[in-house]
Amino acid sequence: MAEEQAKVVTIPEFLTVRQLAALMDVSPIDIIKELMNAGLMVNINQQIDFDTAAIVAQEMGFEAQPETAPQVEEEAEVTTPFKQRFITGEAPEDLVPRPPVVTILGHVDHGKTKLLDAIRHTNVADSEAGGITQHIGAYQITHQGKKITFLDTPGHEAFTAMRARGAQGADIAVLVVAADDGVMPQTIEAIAHARAARVPIIVALNKIDKPNANPDLVKQQLADAGLTVDEWGGDVICVPVSAKYKTNIDELLENILLVSEVAELRANPNRPAMGTVVEGRLDKSKGPMATILVQNGTLRVGDAVVIGEIYGRVRAMLNDKGKRVREAPPSMPVVIFGLSDVPTAGEILEVVENERTARMIASRRAAERQEAATLPAKTFTLDDLYEQLQSGQVKELNLIIKADVQGSIEPIVTSLQKLGDENLQVNILHQATGHITESDIMLAVASRAIVIGFNVTVDPAARRMAEREGVDVRVYDIIYRLIDDVDKALKGLLEPVYRDVVTGHAEVRAVFRVPHAGKVAGVYVTDGEIARNSLARVRRGDEVIYDGRVTSLKRFTEDVKEVKAGFECGVGLENFNDYQEGDIIEAYRKERVS
């Protein structure tokens with residue numbers, strides 16, 4: 001007689017014991033008993049994961065299959081232009097033109113907020129502390145019957161990370177440069193962020209009303225930074241403006257519309273919305289709120305949404321003028337209410353089927369984050385570059401170069417640009433003098449770049465961030481070694497980099513002669529542990545007199561594998577007999593950096 005076929009039960013990734021019992025149409029008590037047999041003490045309302053539920057179901061004669069998760073559009077790499085990021089997989093006939101999203105970048109005090117103020121005909125700048133923008137705002141205006149969305153990103157050095165997010169969320173970057181001040185360090189950084197985001201740049205040459213304005217000098221400085229304006233034979237549009245007197249503002253807006261038409265920005269308004277969090281905050285009376293830039297689909301009041309590990313239902317929406325709206329089409333910024341918590345700027349909003357689904361996705365992501373926290377940071381290093389090239393994961397090597405003086409940068413950049421072939425190009429995103437800072441690491445994170453320093457140091461805060469984010473930072477003091485390492489990485493010949501991790505120290509207290517074995521050191525392990533076959537070096541004062549391996553380890557007369565701190569033992573080292581009392585034996589292991 002054929003064996004009775006098991007009943008199939010569809011189980012989500014997370015559910016309570018009560019919910020599992022309902023799905024299987026059995027008593028919750030029976031499920032709790034099965035879990036107790038498996039060593040798990042749970043109550044009826046406790047949440048369990050799919051794997052646990054599947055084991056219980058199998059024990060009770062069911063065949064468990066995972067619930068199909070709602071189709072969530074994969075997040076693209078941060079270097080993907082936003083005009084493509086959210087419309088992958090859409091049918092061409094479903095796409096319609098959408099307004100461009102423009103970010104304002106530039107050096108502090110060069111007039112970014114004053115320019116936006118002139119565009120909006122409102123007075124934003126005076127409300128900002130010290131005239132410096134302190135948060136990202138999103139605003140929409142209409143010019144010649146066409147809408148344009150602006151992201152007002154801060155220019156002060158303290159807000160580099162926010163500026164990077166602003167550039168990543170835009171279709172066009174307007175670079176504001178003061179005609180009387182010229183290209184400054186933060187101008188160079190802004191150019192690097194716009195290039196990393198792969199967005200076209202329009203230069204707004206501001207403050208042309210100043211008597212000491214020198215537009216030609218600024219254009220030369222821009223050309224030196226790699227931006228050649230169109231009137232000099234380049235492809236970068238440059239519009240002279242005065243935010244103070246509202247001079248040529250219309251011309252700037254017309255050029256923005258022109259660039260957006262060439263870019264053919266499109267989206268599908270007839271699908272569930274997806275977008276990016278511009279900023280989030282907690283309102284004392286209304287709870288968590290977030291400014292959302294809708295980038296595909298249409299967001300509506302009542303939609304169930306998930307943002308990272310946060311979920312909710314859109315209770316209300318306000319436009320940039322504070323008026324209530326029922327829906328937000330592509331490229332429209334809105335403030336939404338009804339979230340479970342305050343989201344982080346830069347996170348992705350997705351509309352899902354219902355609030356239960358949103359909660360399930362948020363729970364899954366929280367669990368994945370906790371699991372990922374136990375794993376080493378995902379890195380992109382020179383060591384594994386060739387392997388990723390072969391698998392088609394990378395087509396170019398993004399580099400950020402920091403050197404002690406300008407005279408060092410030029411030969412490094414010239415030599416690096418000659419490397420590579422048609423399959424893999426070296427792309428230098430940013431080059432500057434000075435030590436490696438958090439700003440450099442943030443740009444590397446946003447663009448999957450490697451940071452290379454020459455005769456410079458890494459700021460402690462930058463080093464911590466690099467370790468946390470998995471950014472490969474390499475510092476050299478000889479140019480040819482720097483060039484040689486990059487060349488070898490491109491060709492797949494670079495040797496992996498290892499570091500020494502000390503595992504313990506022991507002090508030599510006595511020296512014994514053992515027949516057939518020579519001299520053995522009687523030691524006291526002061527910290528960590530000493531293990532047989534581990535690498536070891538002998539320190540005598542400030543000098544290392546031996547570097548080799550532990551060959552024998554004895555406690556009394558017995559061979560042991562390891563001895564921990566606070567115990568005495570006998571140690572034998574490979575090809576070494578010159579022990580002296582007071583010597584320090586340092587045990588260590590080699591650990592791959594990448």
Side-chain angles (χ1 to χ4, degrees), residues 1-75 88-89 271-274 287-288 297 299-315 336-344 347-375 378:
M1 183 174 176
E3 188 176 326
E4 186 178 347
Q5 190 173 0
K7 297 177 184 176
V8 176
V9 59
T10 302
I11 301 174
E13 284 198 66
F14 297 95
L15 77 172
T16 64
V17 170
R18 186 194 298 274
Q19 290 168 335
L20 179 60
L23 286 174
M24 296 166 58
D25 195 22
V26 299
S27 167
I29 302 301
D30 292 336
I31 292 178
I32 291 173
K33 286 179 181 177
E34 288 291 344
L35 289 168
M36 288 177 64
N37 291 337
L40 293 175
M41 302 298 292
V42 298
N43 59 51
I44 193 170
N45 294 314
Q46 190 159 332
Q47 193 177 69
I48 57 177
D49 60 17
F50 170 80
D51 291 337
T52 305
I55 292 170
V56 172
Q58 189 174 9
E59 289 294 325
M60 299 182 72
F62 289 82
E63 180 186 335
Q65 66 179 23
E67 181 178 274
T68 304
Q71 292 299 309
V72 175
E73 195 165 326
E74 289 294 324
E75 291 184 26
T88 303
R271 57 148 290 159
M274 296 188 72
L299 184 64
R300 295 179 173 84
V301 172
D303 281 346
V305 297
V306 59
I307 306 172
E309 299 171 20
I310 295 168
Y311 62 92
R313 184 177 293 280
V314 180
R315 288 203 321 264
I336 67 170
F337 303 90
L339 301 174
S340 61
D341 204 347
V342 179
T344 304
E347 289 192 298
I348 305 302
L349 172 141
E350 301 146 308
V351 170
V352 294
E353 186 179 356
N354 51 49
E355 201 166 349
R356 175 181 171 275
T357 302
R359 189 184 293 111
M360 185 185 78
I361 294 173
S363 298
R364 183 193 72 206
R365 289 175 177 173
E368 288 173 350
R369 177 183 55 79
Q370 291 173 355
E371 183 180 347
T374 64
L375 302 174
K378 183 181 179 182

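Note that the structure is predicted; figures quoted are calculated from it, not measured. The residues of the chain are indexed from 1 along the displayed sequence.
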Engineer: What residues, two or more places apart in sequence or in another chain, satisfy side chain to side chain donor-acceptor pair (under 3.5 Å) together with Arg356?
Structural biologist: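 Result, side chain to side chain donor-acceptor pair (under 3.5 Å) vs Arg356: none returned.
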Engineer: What distance do Met360 atom CE and Glu353 atom CD have between them, rounded to the nearest 0.5 Å?
Structural biologist: 9.5 Å
Engineer: Using side chain to side chain donor-acceptor pair (under 3.5 Å) as the criterion, list what pairs up with Asn354, not counting sequence neighbours.
Structural biologist: Thr357
Engineer: Using distance only, find each side-chain donor-acceptor pair of residues 303-313 under 3.5 Å and give its atom names and separation, not counting sequence neighbours.
Structural biologist:
{"from": "Asp303", "atom 1": "OD2", "to": "Arg300", "atom 2": "N", "distance (Å)": "2.8"}
{"from": "Glu309", "atom 1": "OE1", "to": "Arg369", "atom 2": "NE", "distance (Å)": "3.1"}
{"from": "Glu309", "atom 1": "OE1", "to": "Arg369", "atom 2": "NH2", "distance (Å)": "3.3"}
{"from": "Glu309", "atom 1": "OE2", "to": "Arg369", "atom 2": "NE", "distance (Å)": "2.4"}
{"from": "Arg313", "atom 1": "NH1", "to": "Gly302", "atom 2": "O", "distance (Å)": "2.5"}

Engineer: With a 4.0 Å cut-off on N to O distance, would you call Arg365 and Glu350 a salt bridge?
Structural biologist: yes
Engineer: Got Val351 and Leu299 here, is their nearest side-chain heavy-atom distance under 4.5 Å?
Structural biologist: yes
Engineer: Under the side chain to side chain donor-acceptor pair (under 3.5 Å) rule, collect the residues that match up with Ser363, sequence neighbours excluded.
Structural biologist: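 Testing Ser363 for side chain to side chain donor-acceptor pair (under 3.5 Å), a comparison that skips the adjacent residues, returns none.
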Engineer: Which atoms form the tightest heavy-atom contact between Ala64 and Ala57, and what is the distance?
Structural biologist: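 Closest heavy-atom pair between Ala64 and Ala57: CB-CB, 4.3 Å.
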Engineer: Which distance, rounded to the nearest 0.5 Å, do you find between the CD of Glu34 and the CE of Met60?
Structural biologist: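 Here the rounded value is 6.0 Å.
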Engineer: Can you tell me how far apart OG (Ser340) and CD (Glu355) are? Round to the nearest 0.5 Å.
Structural biologist: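 If I round to the nearest 0.5 Å, the distance is 9.0 Å.
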Engineer: With sequence neighbours excluded, what pairs up with Ala53 under the side-chain contact (heavy atoms from CB on, under 4.5 Å) test?
Structural biologist: Ile11, Leu15, Leu20, Ile48
Engineer: Among residues at least two apart in sequence or on other chains, which ones pass side chain to side chain donor-acceptor pair (under 3.5 Å) with Gln58?
Structural biologist: none
